[in-house]
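Below is one structure, written out as structure tokens, with a few remarks after it.
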Amino acid sequence: MRKWNVIVMVLAIVLIALPAIAEEQTQDEKKEAEAAERRAEIDKVAGETLDRLMEESEKAKGLWDKAVAYAVFDNLKIAFILSGGGGAGVAVDKGSEARTYMKMGTGGIGVGIGGQKYQAVFLFEDKETFTNFVENGWKAESGANAAGGTAGANVGTAFTNGMAVYQFTEAGLMAAADIVGTKFWPDKKLNK
């Protein structure tokens, strides 16, 4: 009789625990589906931005052929005396097609009010520079003046410190990327 009591108790515990286990699995599946959707959105923006870069800059095509990797970020920057912003992107090794989804954050002090949505493209000349960017993040400490319009003739004409950087706004390819005070790091939620 004790044997049956133990069996009944074990069955009762299992029946009680099953909904909680199923709920946990459902939550994990939901999180993974959301992550997969987010990765697809980032990949779509990256593809469109790269297509736009190749259409608007012959010089970028030459550097693209030499690059071992690239990264593309979609960002929003807002300024009201202090500026800040953030975005997401993907870093891709051209040889293996391995993707690392990343985040970025930016901040600074300056005169101005407003917001700017932009995409940034990084082309990497060598594996070491790319690996350092992905594994250690990268903090931009200097920037350059930006000129609106599609006539960004001198932007990214050569690799500098193993990278070429391009930036797009609504006005088009900018003459220089303003990435002062920007930090990049892997997105743990999207890289499981």
Side-chain angles (χ1 to χ4, degrees), residues 35-36 38-77 85-108 116-147 150-169 171-192:
R38 182 69 181 127
R39 287 189 294 265
E41 289 172 17
I42 291 169
D43 288 339
K44 180 178 183 247
V45 170
E48 291 169 352
T49 302
L50 286 172
D51 288 345
R52 185 176 176 196
L53 177 63
M54 296 307 144
E55 287 174 16
E56 293 187 22
S57 175
E58 284 296 319
K59 293 172 182 166
K61 288 180 186 178
L63 292 180
W64 171 262
D65 291 339
K66 297 175 188 173
V68 300
Y70 65 91
V72 181
F73 291 86
D74 189 32
N75 312 289
L76 177 63
K77 187 175 184 179
V90 61
V92 181
D93 180 313
K94 286 175 61 177
S96 68
E97 288 295 317
R99 295 175 176 272
T100 303
Y101 294 90
M102 299 182 74
K103 291 184 177 186
M104 66 154 295
T106 185
Q116 179 184 42
K117 184 167 174 44
Y118 66 96
Q119 292 77 42
V121 177
F122 295 81
L123 300 179
F124 298 92
E125 182 177 28
D126 56 74
K127 194 84 160 174
E128 182 181 347
T129 303
F130 175 68
T131 300
N132 189 48
F133 179 87
V134 171
E135 291 179 0
N136 301 318
W138 180 71
K139 186 174 181 181
E141 295 295 347
S142 62
N145 294 328
T150 58
N154 295 323
V155 67
T157 57
F159 290 107
T160 303
N161 297 325
M163 278 189 285
V165 182
Y166 298 86
Q167 185 173 323
F168 286 98
T169 67
L173 182 62
M174 297 186 69
D178 177 17
I179 51 176
V180 177
T182 304
K183 175 77 173 149
F184 302 86
W185 66 95
D187 185 334
K188 292 178 184 176
K189 290 181 182 177
L190 297 182
N191 289 304
K192 291 183 178 181

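Every heavy atom of this structure was used, including side-chain atoms; hydrogens, water molecules and symmetry mates were not.
Annotation for Glu97 and Lys94: closest pair OE2-O, 3.5 Å, computed over non-hydrogen atoms. Residues Ala67 and Leu123 share a closest heavy-atom pair of CB-CB, 4.1 Å. Here the closest non-hydrogen pair linking Ala164 and Leu63 is CB-CD1, 3.7 Å. Shortest non-hydrogen contact noted between Ala88 and Arg38 is CB-NH2, 3.3 Å. For the residue pair Gly89 and Ile42, the shortest heavy atom distance occurs at C-CG2, 3.6 Å.
For residues 47-66, every residue pair satisfying the ring pair (Phe, Tyr, Trp, His ring centres under 6.0 Å) rule, not counting sequence neighbours, is listed here: Trp64-Tyr70.
Atom CG of Asp65 has more than 12 heavy atoms from other residues, nucleotides or ligands within 6.0 Å.
How far NZ of Lys66 is from CG of Asp126: 13.5 Å, rounded to the nearest 0.5 Å. One finds the CG atom of Asn132 at 8.5 Å from the CE atom of Met163 (value rounded to the nearest 0.5 Å). Put simply, OH on Tyr166 and CZ on Arg52 are 14.0 Å apart, with the number rounded to the nearest 0.5 Å. Rounded to the nearest 0.5 Å, atoms CG (Leu190) and OG1 (Thr100) are 11.0 Å apart. Atom CG of Asp74 is separated from atom CE of Met104 by 10.0 Å, given to the nearest 0.5 angstrom. Rounded to the nearest 0.5 Å, atoms CE (Met102) and NZ (Lys183) are 8.5 Å apart.
Scanning for ring-ring contact (aromatic ring centres under 6.0 Å, His included) contacts around Phe130 gives Phe124, with sequence neighbours left out. Every residue two or more places apart in sequence or in another chain that forms a side chain to side chain donor-acceptor pair (under 3.5 Å) with Glu58 is listed here: Lys61. By the side chain to side chain donor-acceptor pair (under 3.5 Å) test, Asp187 is found to be paired with no residue, residues two or more places apart in sequence or in another chain being considered. Applying the salt bridge (charged side-chain N to carboxylate O under 4.0 Å, His left out) rule to Glu55 yields no partners; only residues at least two apart in sequence or on another chain are considered. When the salt bridge (charged side-chain N to carboxylate O under 4.0 Å, His left out) test is applied to Glu48, the partners found at least two apart in sequence or on another chain are Lys44.
Taking the six-membered ring for Trp and thresholds of 30 and 60 degrees, Phe184 and Phe133 have ring planes inclined between 30 and 60 degrees apart.
Put simply, the side chain of Ser57 never gets that close to the backbone of Leu53: no donor and acceptor are under 3.5 Å apart.
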Show the numbers, then the answer: is there a side chain to side chain contact (heavy atoms under 4.5 Å, CB included) between Val121 and Leu50?
CA-CA 8 Å; Val121 177; Leu50 286 172; 3.9 Å; yes
